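Notes follow once the structure below has been shown.
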Amino acid sequence: MEKTYRLDGLDCAHCAAKIEHAVQGINGVKRANVDFMTTKMIIEAPEKEMPRICDEAEKAVHQFEPEVALKDLTAPKEEENQTGKIIQILVALIATVALVLLDPAMPWKFAAYLAVYLWIGWDVLKTAATNILKGQVFDENFLMSVATIGALAIGEYPEAVGVMLFYQVGEFFQDYAVNRSRKSISALLEIRPDYANQLIDGKVEKVAPEQVRVGDTIVVNPGERVPLDGEIIDGQSFVDTSALTGESVPRKVVAGEEILSGFVNQSGRLTVKTTTTFGQSTVNKILDLVENASSKKAPAENFITSFARYYTPIVVGLAVLLAVVPPMVLNEPFQMWIYRALTFLVISCPCALVISVPLSFFGGIGGASKAGILIKGSNYIERLATIETVVFDKTGTLTKGVFAIQKMETTMDQEKFLQGVASVEQNSSHPIAQSILKANQAPLLPVSSLEERAGYGIDAIVDGQQCLVGNAKLLNQAGVAFEPVNEIGTVIYVAIDQQYVGYLLIADELKAGVSETMAELKQAGIKQTVMLTGDNRNIAEAIGSEIGIDKVYSELLPADKVEQLEKLLDQKVAFVGDGMNDAPVLARADLGIAMGGLGSDAAIEAADVVIMDDQPAKIPTAIKIARKTMRIVKQNIVFAIGIKVFVLLLGALGIASMGAAVFADVGVTVLAVLNAMRCLK
């Protein structure tokens, strides 16, 4: 069983990591994840033990973050009010400036600075004390409290107040940047419909989408979002599909066509018969995928979480040694080295790393979804960025998967020729037979003595004449003389009463821009492109040559595709398939990318990355987004650790003041968060 909570008021990334670690340690928990960006906590445990585990999890949350409220996902979310924090900062700022200018005499000086210090730092001191009583010592509140109380104790009153004030200002801007980023990502996902216009006894009633059942009729007015998947039974319109596909060009829809939840109706009034419940609708599946994507953490995120757990206690230990050892060895005043040690403490908070790294990944996932690319987790972003070989299925991936007659040559009247072939194929469900039936406009003729020969074709009596419809082997077997056709596609030969009368060329169309996609992949640094197909060798190689594929493997069964893919696994391999019959290969590849995600349950389930509009051109875009995200992650790691180490050295040498130390903490955090927000674009 899985239970999901919302942690309202969660604004400490380091605390989120500690909460996750604590909940994972509860007896009976199979999996626990706390996502700082979405403020969600997911707990997986046996159903009978879930009530106890949830109670213990709530205690764990309040142990680290007493102000955080555990809420059900359906509970309304209250907007955080920052007015009190702004007033607190402004009053402290004015008072500090006044004290510095007036420079009151002792003992008023200590009393005045202490009053301002308590005003600006009381919440930090209170949280630090509460956490110490609970055994949680090493957090930013403790470090700031020790550093500033120490500064007061050695007579550095303005520095103590200034550092606490600067810290609070930095925290304010940090919270603002994180909240803005959360809202930016949420804005990308605001595709959840608020209501549905259900047609009940001829009247339109506004109801919750969850109340609508399969087969009910709903009305979608211009400007409204389609709430559930369905079939249009009346009306026509242009719809905006950008929320699902990333494509801004409106698409025309008419009666008889499928329409998906998340589309926005732009012009005409549509009447729709629903084909799914809200829980199974496309929009709900996409929202679940994107919102839960950050629960699958990348190795870089797991490293940062572990790093933060050990880093702070080590730095605190070094600060104690810095305060005690040098003055004893060098026989120097303790005050100077205590000040340096306190400065050292202020720098040690790992906030910049703990916040900016998951934020970068979440921004990358949000930015990709805006482009119509669903990436199911941070771990897949990291994997996508390292791909060296891209392997493609052919039908439905590089081609449209829709067979059509490309050419027809006959010695007969073309309409009668097509009528006869369609009559022979009328009971077949094969895609090629269906393409012939679709092209025929004449009434079908009666068929008798029909014999289907597997691997050859069909022998039948149509309107009193013997008709052979099939491949070259069928006509050779029957001893019919004909001229073989060398064309790209499936050739259907036709003979009537042992006389060759013509052929049909059936082929699948390539998707638009496939050749350009291959060129873009090469420009993006992909070493090799490969095509695996069950189609015959001539067709496969002709298509591969036309679009610029490096290697083509044809006439493969599904099991052969897996075997062929495994031979390529010495490099990082992504397999691109339609998600329907490619599940074994999608699972075996380092990364599975599914085409045909729009409304396709199989595609969404099977792959790690889903291209929502079927277009291969999105694959280079997905790789670029992943690589940009990883660049920003690495920039933030190097930047945050580099600045901290540099300022730690300056602090130890007495060159950096506490003000510089606070900048190294909150200033670097704000800059890293702003850098992470670039992933959204």
Side-chain angles (χ1 to χ4, degrees), residues 14 18 96 106 109-110 113-114 116-118 120-168 170-171 307-354 640-669:
H14 197 183
K18 289 180 180 178
T96 304
M106 293 290 288
K109 187 173 186 176
F110 173 73
Y113 275 109
L114 180 62
V116 178
Y117 173 79
L118 292 173
I120 190 63
W122 176 250
D123 52 340
V124 175
L125 296 169
K126 180 185 171 186
T127 304
T130 305
N131 288 347
I132 289 169
L133 291 173
K134 292 177 178 177
Q136 305 300 325
V137 178
F138 299 115
D139 66 0
E140 58 269 34
N141 296 292
F142 167 77
L143 298 171
M144 288 306 303
S145 299
V146 170
T148 51
I149 290 170
L152 286 172
I154 61 175
E156 298 287 347
Y157 309 141
E159 189 112 34
V161 174
V163 165
M164 188 63 83
L165 175 59
F166 193 8
Y167 173 75
Q168 292 280 32
E171 288 287 297
F307 175 84
R309 195 177 302 145
Y310 300 109
Y311 162 81
T312 307
I314 289 169
V315 174
V316 171
L318 291 173
V320 172
L321 292 174
L322 188 64
V324 176
V325 175
M328 292 178 69
V329 173
L330 302 173
N331 198 24
E332 291 184 351
F334 272 90
Q335 183 171 336
M336 178 180 73
W337 287 100
I338 289 172
Y339 178 82
R340 291 183 185 183
L342 296 173
T343 303
F344 203 81
L345 276 182
V346 173
I347 306 165
S348 65
C349 293
C351 298
L353 284 172
V354 178
I641 293 178
I643 293 290
K644 279 195 179 289
V645 170
F646 180 65
V647 182
L648 279 169
L649 290 172
L650 294 181
L653 297 170
I655 299 170
S657 66
M658 276 196 186
V662 174
F663 173 76
D665 177 28
V666 292
V668 170
T669 302

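As the structure is a computational prediction, the values presented were derived from the model and not from experiment.
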Return a table of donor-acceptor pairs under 3.5 angstrom between the side chains of residues 145-153 and protein atoms on other chains or two or more places apart.
unit_1, atom_1, unit_2, atom_2, d
Ser145, OG, Asn141, O, 2.7
Thr148, OG1, Tyr117, OH, 2.7
Thr148, OG1, Met144, O, 2.6
Thr148, OG1, Ser145, O, 3.3

(message) Taking side chain to side chain donor-acceptor pair (under 3.5 Å) as the cut-off, I'd like each qualifying pair that reaches into residues 645-654, sequence neighbours left out, listed once.
(response) none

(request) Looking only at non-hydrogen atoms, find the nearest pair between Leu118 and Leu125 and report the distance. (result) CD2-CD1, 3.9 Å

(message) List the residues meeting side-chain contact (heavy atoms from CB on, under 4.5 Å) with Ile655, not counting sequence neighbours, and say none if there are none.
(response) Leu650, Leu653

(request) Check the pair Asp123, Gln168 against side-chain contact (heavy atoms from CB on, under 4.5 Å), reporting the backbone distance first and the verdict last. (result) CA-CA 10 Å; Asp123 52 340; Gln168 292 280 32; 2.9 Å; yes

Check residues 313-336 and write down every donor-acceptor pair under 3.5 Å in which the side-chain atom is one partner and the other belongs to a residue at least two apart or another chain.
unit_1, atom_1, unit_2, atom_2, d
Glu332, OE1, Trp337, NE1, 2.8
Gln335, NE2, Ile154, O, 3.1

(request) Please name all residues satisfying side-chain hydrogen bond (donor to acceptor under 3.5 Å, both in side chains) with Tyr113, sequence neighbours left out, ordered by chain then number. (result) none

